[in-house]
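One structure is given here, and the rest of the page talks about it.
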Amino acid sequence: MSSTSLGPRRKPSRKGSMADVPKDMLQEIKKLEDMFTVDTAKLKAICDHFIKELAKGLTVEGGSIPMNPTWCMGFPTGNETGTFLALDMGGTNLRVCEINLPEEKGEFDIIQSKYRMPEELKTGNADELWAYIADCLQQFIEYHHEGEKLDKLPLGFTFSYPATQEYIDHGILQRWTKGFDIDGVEGKDVVPPFEEALEERGVPIKLTALINDTTGTLIASSYTDQEMKIGCIFGTGCNAAYMETCGNIPKLAHMNIPADQEIAINCEWGAFDNEHKILPRTPYDVIIDKDSPRPGQQAFEKMIAGLYLGELFRLVLVDLHEQKHVKFFEGQDIASLRKPYSLDASFLSDIENDPYENLQETHDVFASKMNIKCSKPELELIRRLAELIGTRSARLSACGVAAICKKMNYKTCHVGADGSVFNKYPHFKARGAQALKELLDWETGRDGKPLGRGHDPVEILPAEDGSGVGAALIAALTLKRVQEGNVMGIRDPEGMLKGTAAAKSGNKQVAPETKK
Ligand code: BGC
């Protein structure tokens with residue numbers, strides 16, 4: 001047990017290694033297991049409720065999941081061409097890309113620059129935000145196109161927050177999520193102030209499409225894989241987008257759009273169960289919500305997404321220490337553990353990844369980072385807690401994926417996923433796949449083959465770059481619609497072409513056919 005040699009690659013759960021954990025600590029572990037475990041029956045109940053809520057969000061009355069129509073009207077063909085800019089306003093960085101979609105089907109070239117999002121900006125004011133973003137775009141153009149006389153470049157802007165879009169070049173921020181709290185943006189269209197800041201600086205850019213990261217992920221992934229039906233982000237926040245038909249969207253009925261017209265829906269499923277009817281919330285989830293900038297919002301996201309996993313873990317450890325009968329970190333000064341949001345999801349990843357059977361790395365990081373000396377039983381509890389939080393996140397995430405598949409009657413499909421939790425959190429993929437199996441009652445894989453990688457009927461796979469290539473593709477699809485006179489859901493079709501290369505006669509900014 002106390003050997004420090006590297007063990008074999010560990011299975012997703014190592015329940016068996018608790019032999020020398022004292023009884024009272026085992027009891028605490030059991031309590032945590034009861035609190036954080038979501039069994040098959042509960043998964044199914046959540047999924048059933050989820051399906052109803054997805055449909056409700058599409059009605060005129062609406063529900064807690066916004067189900068935002070995005071005015072991205074169908075999948076790409078792979079034949080889109082042209083040069084586009086993409087701007088991604090993510091949580092930590094601002095990324096600007098220039099993407100060239102060449103004649104070769106499904107190909108792309110990309111150059112990009114990253115700019116750090118200053119922490120103060122996230123709680124600053126609107127003018128500072130737009131000025132900072134416009135400055136970054138200006139720098140990008142000056143750096144990559146020094147001295148060139150440019151046509152206006154069409155831009156896809158990935159703005160990954162819930163926005164009501166009456167048009168693709170419009171978006172009223174419903175509310176900030178992921179800890180952002182910038183004054184003067186909520187309830188307003190974000191496009192005009194963004195464009196004004198560009199104009200003030202004379203930056204040759206025209207916003208063509210405002211998109212969500214999930215829609216970008218869906219479109220980018222389907223560009224190279226036609227089985228992709230859902231785009232997901234499991235990162236700082238969590239959410240999904242899929243392609244719906246207008247006939248299934250009662251809240252668009254007044255627009256008389258043909259029933260079979262496709263339109264991507266940004267679910268904003270982070271808001272699932274804001275009314276707390278079905279999710280098994282723990283007292284720690286309640287604290288996270290209460291102390292967040294937007295209590296009552298994003299109930300599902302707060303149990304799943306990367307921003308909250310480390311905080312959940314921290315809250316449990318502090319609580320165990322406070323309960324005097326538990327004797328957890330007994331007699332130690334845990335001041336550094338008391339700082340909210342001081343542990344991020346990568347801290348949990350590292351614990352789950354600790355290669356040593358005696359959890360030496362976990363022991364050392366608690367000592368160096370927080371000056372806390374953990375006993376062996378404490379380490380076992382810590383490791384089990386990380387596993388429980390990570391597993392709950394993956395299993396609840398699968399409920400959303402299964403709900404969309406069931407709603408759309410997708411028996412088989414690929415789901416494109418991106419985000420730090422999906423890409424970096426240990427076992428997230430395997431745990432999600434296991435939950436899908438339970439939710440969708442699979443006995444065998446595709447074509448009667450055994451279940452497993454490559455054969456599961458629904459597979460969640462790493463996505464193409466949604467906020468780069470996806471944003472460019474959606475800009476391309478939008479410009480193509482303008483050129484064809486199909487201007488449904490486009491506010492300023494004329495302005496969109498003015499001054500761009502696409503406006504010049506004979507210039508083929510995008511390829512002829514759009515239907516998949
Ligand atoms: C936002 C979504 C976004 C997701 C992933 C959520 O907090 O509301 O718009 O897609 O995070 O980035």
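Just so you know, ligand 1 is whichever comes first in the structure, and atom 1 is the first atom listed for that ligand. Source: prediction; values computed, not measured.
- No salt bridge links Glu195 with Arg201; every basic N to acidic carboxylate O contact stays at or beyond 4.0 Å.
- Listed by first and then second residue, the salt bridge (Lys or Arg N to Asp or Glu O under 4.0 Å) pairs that reach into residues 84-97 are Arg95-Asp465, sequence neighbours excluded.
- Applying the salt bridge (Lys or Arg N to Asp or Glu O under 4.0 Å) test to Lys407 and every residue at least two apart in sequence or in another chain returns Glu244.
- A distance of 7.0 Å separates CE in Met73 from CG in Asn486, rounded to the nearest 0.5 Å.
- Salt bridge absent: Asp39 and Arg395 never bring a charged side-chain N and a carboxylate O closer than 4.0 Å.
- Residues forming a salt bridge (Lys or Arg N to Asp or Glu O under 4.0 Å) with Asp456 (at least two apart in sequence, or on another chain): none.
- Closer than 4.0 angstrom to ligand 1 sit non-hydrogen atoms from Ser160, Tyr161, Pro162, Thr177, Lys178, Asn212, Asp213, Thr214, Ile233, Gly237, Cys238, Asn239, Glu268, Gln298, Glu301.
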